[in-house]
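Worksheet: the structure to be examined is printed underneath.
Throughout, a chain's letter reflects where its sequence line sits, starting with A, and its residues are numbered from 1. In what follows, every heavy atom counts, from backbone to side chain, and hydrogens, waters and symmetry copies are set aside.
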Amino acid sequence: MEIASKYSPSATEDKWYKYWMDNKLFHSEPNDREPYTILMPPPNVTGVLHMGHMLNNTIQDILIRRARMMGKNACWVPGTDHASIATEAKVVNRLKERGIDKKDLSRDEFLKHAYEWTDEYGGIILKQLQKMGASADWDRSYFTMDEDRSEGVIKSFVDLYEKGLIYRGVRMVNWDPAALTALSDEEVIYKEKQGKLYYLRYKIEGSDEYVTIATTRPETILGDTAVCIHPDDERFTHLKGKKVIVPLVNRLVPIIEDNYVDMEFGTGCLKITPAHDVNDYEIGMKHNLKVIDIFNDNGTLSEAAELFVGEDRFDVRKKIIPVLEEAGNIVKIEDYNNKVGFSERTHVAIEPKLSAQWYLKMDEISKPALKNVMNDTVQFHPPKFKNVFRHWMENVKDWCVSRQLYWGHQIPVYYLEDGTFVVAESKEKALTMAKEKSGNANLTAADLRQDADVLDTWASSWLLPITGFEKPEDLAYYYPTSDLVTGHDIIFFWVARMIIAGYEFKGELPFKNVYFTGMVRDKQRRKMSKSLGNSPDPLDLIAKYGADSVRIGMLFCSPAGGDLLFDESQPEQGRNFANKIWNAFRLVKGWEIDENIEQPESAKKAIAWYDAKLDQTIEILNDHFSKYRISDALMTVYTVFWQEFSSWYLEAIKPAYQKPLDAATYKATLEFFDKMLRILHPFMPFISEELWQALEERKEGESIMLADMPTVSGADASLLDKFEILKEAVGGVRTVRKEKNIPMKDSLKLNILGDNNYSADFDSLLVKLANISELTMVSEKTEGAVSFMARTNEYFVPMEGLIDVEAELEKLKKELTHQEGFLKGVMKKLGNERFVGSAPEAVVAKERQKQADAEAKIKTLTESIARLEK
RNA sequence: GGGCGAUUAGCUCAGUUGGUUUAGAGCACUUGGUUUACACCCAAGGGGUCGGGGGUUCGACUCCCUCAUCGCCCA
């Protein structure tokens, strides 16, 4: 059979993906088997695939493919997220490029543009996920704004309102002056900014004296309604009860006292602007101060500011300084670094602003979630995120769920003309309720005005483990889902809230395990970003190295929760592995089989050993998976294939040049190959399918996807151990060859002075693998030979006197020193009565075994040295 | 400012209730190799005393304290 010497992914990947799709192998329907469900974190509908998705979805695909092969009814639910503010920001930008201002559009007109955008880009990312081999149930794809999902969101709002958990409140919110909407605390990113600290002096009423305050935002003085000092600050005792004049606007405001003031910071004297700072707002409430909102929604100054009306807040910050200077109010200006909040989506500086918003009370409904994460009913991997979670949950604030946007689920609150409102799932229902409420049976739909705000995106995605299933029987079967795989950056945004929603709406956890992935970074630990240009396009990588290679390349070194430092050497390593597998297959399939020749002893032994090895490997693999150690699991498969199978097993059974292989060995080898492809499949779906199909005749519709995951039957530990001694012995001969420059093709004689437990089981393999012409068991040391040890057996390669005595002595002495040092350490322990007395028996026994082995080796080495020195 | 976490070979990481060799893996590195699957390969080898200091213990990479450095989250 002619097979190319290099594996070509592009030729096989599309073929098998189509085959899987055509045979509907990803689709799941409820049946009597145990379900295994993963909800895919829905990518943004307008997003494109990046390395983060690649890592995240590879892990999910591995879990789902493995579960499927373990006989579970595996269902991976994909979907896309409307991503309210992110998408709206993009649509606004595109409209701007076309010369259209969002302000000039009606809600419906804007939504038309948004849907247009969605149709244009929507779902591209799901197609891209198929390229990496994702075995999601595409028939179940949803969109968070489609009918079923929207219905669920609106229902939940009404439900929460009726439970008294939703309220409307005027609060200080994070205002995004670009998107013109409130944001939740989680959507604000604080960044260190180099700024200035301005020292301004305010004249005291009826006096020539001034007080100096320090501020980073001089433009906000226009909204000042007090100056605050610490009650214990003796520097200002004489000012108590007085008033000061706010510069430029000449407003008379009181000097108040509050413990909040940090006497060490600035001048110890604080200006209070209740409308534009969270802390000032609270002080203002406490002291009944006037609130003067000097900003418009878009960040320009309002009429209330009196000055600079209509100008942008940052321009005013610059412009107000010379004016203050001229008025004699500037004392000094210092450089100062402070943290400024920015919008996660529009990247503009957040303006704290008072506004009426809808809130969800969080304290009560978050309790079951906290409890069930802390007691591991919902398990976090790695568990260190439990602490992060707890900290947030114990300090949880009410959730601002309203957004002043068009793109999203419109809040189902309907206002009557008198300002009262009803909350209902539909306008029809709202009308009925309104009639009842107002006592006016003549009300029409036109008399109701729906709240213009939409819900926070996360107020829809927190329901997805529930709303992801349309039919009630599906929900009953698949819920709760099994595992969630997501980035740790959205633990609050999404994970915590899904758990809350699960308990609130279903009375049950939404998923049993959460696997947190880290961020994908470049080699310099920089976050991958478009602007840095350090983010490779996953599709380019797939085209270059193959999907399987990119998948495992990403996983070689990415422990749960840890960041992944991506480098192109990783998919390259993946490609090398794929090629290794390919060539192992090429070798096996290339052998000529002879039904009539007898199976060699060496092959029999190798098969017995590898059977046990594979068994042991599967056991280790199961253990890694049970602990969600995906990288370790992959490394286990990688090592068994490359080291144990290719380098040991195949070399052990390989027939002599141009000689055929016996049928029994061939059959066993194909079975091993089949098993290995099956444990490999979740990691490398394409090449495993390609080779599995080529391994033997398969029926139409058959797939490795449906094959059983191999199970363990209990490996023979002593067999495995004996083979390890064999490896040491083969290695010993190889070292001798290297030291003496003896080529592999020249056979050698080997004498073995075995210990009492020496097993000849693998002697046939030793002969073959080390190219030994004559293997002799001896009871005395061999003169004029190079020696080495494997465990407590001594091996001699007779050199017919041509040995370098000095070099041999040096080697033996070095080994002796090592063994003596080792023994010393062991004896120190064993000589300690308290160790022998208090350590567990098994530990002491182990130490005694170490002692015996070391003593035996030392004896052998000492004798050999004495012999050579004679 | 508050909280969480990290610090183990050149790099990225394991090390699972303290005892499994005098700490492991992958990659990288060095040396040798045209054995008829694979140079995207084979073989051999070097390299760390586990961030510093102190403590608990018969015994600590593993537990405690402290210092240093770094990262993340939150305000």
Provide the distance between the two [atom1] atoms, one in [N] and one in [M], to the nearest whole Å.
{"N": "B:G47", "M": "B:G52", "atom1": "C1'", "answer": "23 Å"}
{"N": "B:G54", "M": "B:A68", "atom1": "C1'", "answer": "15 Å"}
{"N": "B:A25", "M": "B:A37", "atom1": "P", "answer": "28 Å"}
{"N": "B:U8", "M": "B:G24", "atom1": "C1'", "answer": "10 Å"}
{"N": "B:G19", "M": "B:G26", "atom1": "P", "answer": "23 Å"}
{"N": "B:C72", "M": "B:U57", "atom1": "C1'", "answer": "34 Å"}
{"N": "B:A14", "M": "B:C74", "atom1": "P", "answer": "23 Å"}
{"N": "B:U20", "M": "B:U56", "atom1": "P", "answer": "22 Å"}

Check whether any side-chain N or O of [X] sits under 4.0 Å from OP1 or OP2 of [N], and answer yes or no.
{"X": "A:Y649", "N": "B:A37", "answer": "no"}
{"X": "A:S631", "N": "B:A14", "answer": "no"}
{"X": "A:K654", "N": "B:A37", "answer": "yes"}
{"X": "A:K850", "N": "B:G19", "answer": "no"}
{"X": "A:W392", "N": "B:C4", "answer": "no"}
{"X": "A:N771", "N": "B:U35", "answer": "no"}
{"X": "A:N579", "N": "B:C41", "answer": "no"}
{"X": "A:R390", "N": "B:C73", "answer": "no"}

With heavy atoms under 4.0 Å as the rule, sort [X] into base, sugar-phosphate or nothing.
{"X": "A:K738", "result": "base"}
{"X": "A:R575", "result": "base"}
{"X": "A:S647", "result": "sugar-phosphate"}
{"X": "A:Y638", "result": "sugar-phosphate"}
{"X": "A:W642", "result": "sugar-phosphate"}
{"X": "A:K627", "result": "base"}

Quiz item: Out of B:A44, B:A39, B:C27, which has the shortest distance to the side chain of A:K6?
Solution: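 Nearest to the side-chain atoms of A:K6, counting from C-beta on, is B:A39.
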Self-check item: Minimum-distance nucleotide (side-chain atoms of A:Q573 versus B:C4, B:C38, B:G26)
Solution: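 Closest nucleotide among those given: B:G26.
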Practice problem: Using distance alone, with no hydrogens and no angle criterion, decide if A:Y545 and A:E568 have a side-chain donor and acceptor under 3.5 Å apart. | Solution: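 Distance-only check passes for A:Y545 and A:E568.
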Quiz prompt | Check: A:S718/A:D721 side-chain N/O donor and acceptor closer than 3.5 Å | solution = no
Quiz item: Under 3.5 Å, side chain of A:D176 to main-chain N/O of A:S343, donor-acceptor pair present?
Solution: no
Nearest whole Å is fine: how far is [N] [atom2] from [X] [atom1]?
{"X": "A:L661", "N": "B:A37", "atom1": "CG", "atom2": "P", "result": "13 Å"}
{"X": "A:E847", "N": "B:C58", "atom1": "CD", "atom2": "C1'", "result": "12 Å"}
{"X": "A:K397", "N": "B:A75", "atom1": "NZ", "atom2": "C1'", "result": "7 Å"}
{"X": "A:M393", "N": "B:C73", "atom1": "CE", "atom2": "P", "result": "20 Å"}
{"X": "A:L565", "N": "B:C27", "atom1": "CG", "atom2": "P", "result": "18 Å"}
{"X": "A:R629", "N": "B:A14", "atom1": "CZ", "atom2": "P", "result": "9 Å"}
{"X": "A:L564", "N": "B:G71", "atom1": "CG", "atom2": "P", "result": "19 Å"}
{"X": "A:H391", "N": "B:C73", "atom1": "NE2", "atom2": "C1'", "result": "9 Å"}

Quiz item: With under 30° as parallel and over 60° as perpendicular, where do the rings of A:Y610 and A:F645 fit, or are they tilted in between?
Solution: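 Taking A:F645 first and then A:Y610, their aromatic rings sit tilted (interplane angle of 30° to 60°).
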Does a salt bridge link [X] with [Y], judged by any charged N lying under 4.0 Å from a carboxylate O?
{"X": "A:K813", "Y": "A:E810", "value": "no"}
{"X": "A:K857", "Y": "A:D853", "value": "no"}
{"X": "A:E351", "Y": "A:R217", "value": "yes"}

Quiz item: Between the base of B:A43 and the side chain of A:E651, is there any donor-acceptor pair under 3.5 Å?
Solution: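 Side chain to base: no pair below 3.5 Å.
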Could you let me know what [N] is paired to, Watson-Crick or G-U wobble, both distances under 3.5 Å, or none if it's on its own?
{"N": "B:G51", "answer": "B:C67"}
{"N": "B:A44", "answer": "B:U30"}
{"N": "B:A14", "answer": "none"}
{"N": "B:G1", "answer": "B:C74"}

Exercise. Determine whether the aromatic ring centres of A:F516 and A:H381 lie less than 6.0 Å apart.
Key: no
Quiz item: On RNA chain B, nearest-nucleotide positions of A:Q658 versus A:H818: which is more 5'?
Solution: A:H818
Quiz prompt | 5'-most by nearest nucleotide on RNA chain B - A:K384 or A:D623 | solution =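 Comparing both residues, the 5'-ward one is A:K384.
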